[in-house]
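Sequential numbering from 1 along the given sequence is applied to the chain's residues. Computed from a predicted model, the values in this text were never measured in an experiment. Just so it is clear, the values below take in all heavy atoms, side chains as well, and ignore hydrogens, waters and symmetry mates.
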Amino acid sequence: MTLTHRPTPAATFPNLGDRLATPALNYVAGRWEEASSGATFAVRNPAMPSEVLGRFPESAPADVARAITAAQDAFHTWSRLPAPQRGQVIARAIALLKERAEELAHALSWESGKVLAEARVEVTRGLNAMEYLVAEARRQAGQTIPSELPGTVTYTVRRPLGVVGLITPWNFPFAIPAWKVVPALVTGNTVVMKPAEQTPVCTALIVQAFDEAGLPSGVLNLVNGGPAVGEAIVADPAIKAISFTGSTAVGKLINQRASARLAKVQLELGGKNAAIVLDDADLDLAAREIAMGAWGTTGQRCTATSRVIVMKGVASALLDRLKTHAAALKVGHGLEDGRTMGPLINQEALDKVERYVAIARQEGATVLCGGERLGGELSEGYFYAPTLLTGVKPHHTVANEEIFGPVLSVIEVGSCEEALQVANSVPYGLSSAVFTRDVGRVFGYAEALETGLLHVNCATVLSEVHLPFGGMKDSGFGGREMGPTVIDFFTEWQTMYLRHL
């Protein structure tokens, strides 16, 4: 079935249409191929689930094993290639992706449901991350350190780990694969990558650009499929490190299994991010930033604003503003002009949001706006109204568990100290924000909040590619992504003692 009310990205961009025929395969040892079983799964448009974008390989552990063998075979040559030369190959791939940025944005919107404006931002951000990280080809410096021994020079160098596994989520199908694969490759590792089965198109297009750029055979391998593929990557002793972005529950299982064989693990997990609004806040600014953080990307990002913790004296005025922002959102198909919020990713996500809103009602919260699946012309897709819950208490389920949808819970408090305590009361610690004009409260917030990302008078979703990204507590483990610190995860230090007497 094709879309009747708008052209598909493949029709709009003929070159993309041609490329989509090839990436609907695995990529192993420099070749595009089917899964060993020949089985496939359908990738559907979440705005119109009857539309199948394509079919991708339903791979098995045997396919993962072949990809790992290819990566092992390629490691010796790739790791010994001077880092600037590795960077040149990667830079050629980035240049190809930049030429195709608009095509990628349309493909991203098509497979994930994001509105086109958000898809463009994601593609730009992913490309920025790739450009920043490829420069590590000339920045991987060690140190020369004085020795206590006479006639001895000591220095350190970074060494790659070997074969690394990258397991990426569906909510950022271009940016997250982009900012994982470049640091892994530029430091000399070889890669086996598994994209989320809901959104494999952009990852395949990234891999195709590396193929066209002349990346040597086996350096980067792509294996599509469901949980069995991820489990096989995690279990294989040849995988020296695993970088995973996804749910906290799955991340903990990965850590248990991989750590048992001393593999390095980097986990970017869930969040229950709070925006604290104090009584001296600029309420127009706070409402604008909170609305963007809560309902942008349909609330489907780990840094989304899920809780508003507001002083009672300004709660009513803030709620009026938030309600106005919710009403102004234009929900619909991401590729339609003027839409500002798209669908949830699939039926499971829609059911989860409906379940949490029902629990909130049962526990005494009030639905100020939204709280329902959207019908009419949107009835086929996984569309849910932007939702604002009031009367939420800190112990309520929706105040503690990650929903991953367009649901914002408002908790009223009596003091700044209570606000900080409530913000820290959840098991997550990814991102937070405070809205205030009081610099003393700003520093108190910075010292007290147990989150990896802190924001003052701006949204919880803000991050930049040259700064470390990651969370505390159940939100992250094993090192930060992006920024200069990501190189630490993909390398290990080697210390040299050179006696010249």
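- Between the side chain of Gln494 and the backbone N or O of Arg159, no donor-acceptor pair lies under 3.5 Å.
- Residues Met496 and Val157 have side chains not in contact (no heavy-atom distance under 4.5 Å, counting atoms from C-beta outward).
- Of all heavy-atom pairs spanning Ala459 and Glu289, the tightest one is N-OE1, 2.9 Å.
- Remark: the backbone N or O of Val163 is not paired with any side-chain donor or acceptor of Asn189 at under 3.5 angstrom.
- Ion pairing between Lys98 and Glu131 holds under the 4.0 Å rule for side-chain N and carboxylate O.
- For Arg138, the CZ atom is loosely surrounded, since the number of other residues' heavy atoms within 6.0 Å does not exceed 12.
- When all heavy atoms are compared, the tightest approach of Thr340 to Val115 is C-CG1, 3.7 Å.
- Contact check for Phe490 versus Pro160: no side-chain heavy atoms found under the 4.5 Å cut-off.
- Side-chain contact check for Ser463 versus Met482: some heavy-atom pair is nearer than 4.5 Å.
- Formation of a donor-acceptor pair under 3.5 Å by the Asn224 side chain with backbone atoms of Pro57 is not found in this model.
- When every heavy atom of Asn221 is checked against every heavy atom of Ala70, the shortest pair comes out as OD1-CB, 3.7 Å.
- With Arg261 contributing its side chain and Asp236 its backbone, the two residues share a donor-acceptor pair below 3.5 Å.
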Review point. Are Thr245 and Phe172 close enough, and set up right, to give a side-chain contact (heavy atoms from CB on, under 4.5 Å), and what steps lead you there?
Key: CA-CA 10 Å; Thr245 300; Phe172 283 89; over 6 Å; no
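- Aromatic ring orientation, Trp170 versus Phe404: perpendicular (interplanar angle above 60°, classes split at 30° and 60°).
- Between the OG atom in Ser425 and the CD atom in Glu450 there is a gap of 10.0 Å [rounded to 0.5 Å].
- Two residues are said to be in side-chain contact when any heavy atoms from C-beta on lie closer than 4.5 Å; Lys473 and Pro427 fail this criterion.
- Of all heavy-atom pairs between Ala137 and Gly87, the closest is CB-CA, 3.8 Å.
- A side-chain N or O of Asn26 and one of Ser59 form a donor-acceptor pair less than 3.5 Å apart.
- The closest side-chain donor-acceptor pair between Ser243 and Gln266 falls under 3.5 angstrom.
- Phe489 and Val265 get closest at one heavy-atom pair: CE1-C, 3.5 Å.
- Between Val353 and Ile403, some side-chain heavy-atom pair lies under the 4.5 Å cut-off.
- Between Ala178 and Ile206, the shortest heavy-atom distance links the atoms N-CD1, 4.1 Å.
- Side-chain N or O atoms of Glu231 include none that pairs as donor or acceptor with a backbone N or O of Gly226 at under 3.5 Å.
- Rounded to the nearest 0.5 Å, atoms CG (Leu335) and NE2 (His333) are 9.5 Å apart.
- Between Glu354 and Arg373, none of the side-chain N atoms (NZ, or NE/NH1/NH2) sits under 4.0 Å from a carboxylate O, so this pair counts as no salt bridge.
- Crowding of Arg55 atom CZ: a count of heavy atoms from other residues, nucleotides or ligands under 6.0 Å exceeding 12.
- Judged purely by atom type and a 3.5 angstrom limit, Ser247 uses its side chain to pair as donor or acceptor with the backbone of Val250.
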Exercise. Test side-chain contact (heavy atoms from CB on, under 4.5 Å) on Val181 and Leu166 and set out the steps.
Key: CA-CA 8 Å; Val181 73; Leu166 309 180; 4.1 Å; yes
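- Separating the CG atom in Leu97 from the CZ atom in Arg92 is a distance of 13.5 Å, to the nearest 0.5 Å.
- Checking Glu380 against Ser50 by side-chain atom types alone, a donor-acceptor pair falls below 3.5 Å.
- Both the sub-6.0 Å distance and the 45° axial angle are satisfied by Arg139 relative to the ring of Tyr132.
- Between Glu492 and Lys264, none of the side-chain N atoms (NZ, or NE/NH1/NH2) sits under 4.0 Å from a carboxylate O, so this pair counts as no salt bridge.
- Residues Arg158 and Asp488 are paired through a salt bridge, judged by an N-O separation under 4.0 Å between the basic side chain and the carboxylate.
- Atoms CG and CD, on Asn128 and Glu464 in that order, are 10.0 Å from each other to the nearest 0.5 Å.
- At least one donor-acceptor pair under 3.5 Å links the side chain of Ser217 to the backbone N or O of Ala29.
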Check: Between Val219 and Val191, does a side-chain contact (heavy atoms from CB on, under 4.5 Å) hold up when you go through it step by step?
Finding: CA-CA 6 Å; Val219 171; Val191 171; over 6 Å; no
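- Between the side chains of Thr305 and Asn273, not a single donor N or O lies within less than 3.5 Å of an accepting N or O.
- Residue Trp78 holds its CH2 atom at 10.0 Å from OG1 of Thr187, rounded to the nearest 0.5 Å.
- Using a 4.5 Å heavy-atom threshold, the side chains of Pro406 and Leu344 count as touching.
- Between Glu122 and Arg125, none of the side-chain N atoms (NZ, or NE/NH1/NH2) sits under 4.0 Å from a carboxylate O, so this pair counts as no salt bridge.
- A donor and an acceptor atom, one from each side chain of Thr152 and Ser147, are nowhere located under 3.5 Å apart.
- For the pair Val407/Tyr356, no side-chain contact is recorded, criterion being any heavy-atom separation below 4.5 Å from C-beta on.
- Under 3.5 Å, the side chains of Ser109 and Lys114 contain no donor-acceptor pair of N or O atoms.
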- Checking side-chain contact (heavy atoms from CB on, under 4.5 Å) for the pair Asp211/Trp32: CA distance, chi angles, key distance, verdict? CA-CA 10 Å; Asp211 178 52; Trp32 294 98; 3.9 Å; yes
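- No more than 12 heavy atoms of other residues, nucleotides or ligands shown are found within 6.0 angstrom of CD on Glu34.
- A donor-acceptor pair under 3.5 Å links the side-chain atoms of Arg86 to the main chain of Leu81, judged by distance alone.
- Classification of Arg100 and Glu212 as a salt-bridged pair holds, one side-chain N sitting under 4.0 Å from a carboxylate O.
- The environment of CD in Gln85 is crowded: more than 12 heavy-atom neighbours from other residues, nucleotides or ligands sit within 6.0 Å.
- Remark: Ile233 CD1 to Ile254 CD1 distance equals 9.0 Å, nearest 0.5 Å.
- A donor-acceptor pair under 3.5 Å is absent between the side-chain atoms of Glu58 and the main chain of Ala39, judged by distance alone.
- Here the side chain of Ser431 pairs a donor or acceptor atom with the backbone of Thr460 at under 3.5 angstrom.
- With a 4.5 Å cut-off on side-chain heavy atoms, Val164 and Ile242 do not count as touching.
- Salt-bridge annotation for Glu33 and Arg66: present, with a side-chain N of the basic residue lying under 4.0 Å from a carboxylate O of the acidic one.
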